[in-house]
Amino acid sequence: MIVTDDAGICQVCHKKQSVILCDGCAIALCEDCRKFDIWGSGCGNLIPRVFCPTCFDDIETNPYSGKID
């Protein structure tokens with residue numbers, strides 16, 4: 001995860017200050033527009049990930065989203 005340190009406005013809602021970048025497409029996200037997921041890696045390792053709504057639902061970007069048909 002890359003924290004933006006309030007570097008700009010959210011690129012989803014265009015209203016609030018951004019706090020983090022999407023792990024999929026790297027757009028700036030505010031606290032309301034970010035979506036968290038946790039990826040497992042190895043034995044007991046959990047990696048927090050943050051996505052914009054589009055990348056969260058994209059199976060190619062976030063294979064653990066549960067959107068598989």
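Nothing fancy with the numbering, it's 1 onward along the sequence. Side chains are part of it too, since the values below use all heavy atoms of this structure and drop only hydrogens, waters and symmetry mates.
One N or O on the side chain of Q11 and one on the backbone of A28 form a donor-acceptor pair closer than 3.5 Å. In terms of modelled atom types and a separation under 3.5 Å, the side chain of Q17 and the main chain of G8 share a donor-acceptor contact.
With no hydrogens or angles considered, a side-chain donor-acceptor pair links N62 and D37 at under 3.5 Å.
Paired with F51 under the rule side-chain contact (heavy atoms from CB on, under 4.5 Å), one option of D23, D57, I20, D58 passes, and it is D23.
For the atom pair CZ (F56) and SG (C22), the distance works out to 11.0 Å, reported to the nearest 0.5 Å. Interatomic distance, L21 CG to C52 SG, rounded to the nearest 0.5 Å: 11.0 Å.
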Please walk me through it: do I47 and I38 pass side-chain contact (heavy atoms from CB on, under 4.5 Å)?
CA-CA 5 Å; I47 303 167; I38 298 176; over 6 Å; no
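The shortest heavy-atom contact between C30 and C10 is N-SG, 3.4 Å.
Residue pairs satisfying the side chain to side chain donor-acceptor pair (under 3.5 Å) criterion with at least one member in residues 24-35, sequence neighbours excluded, are listed as follows: K16-D32.
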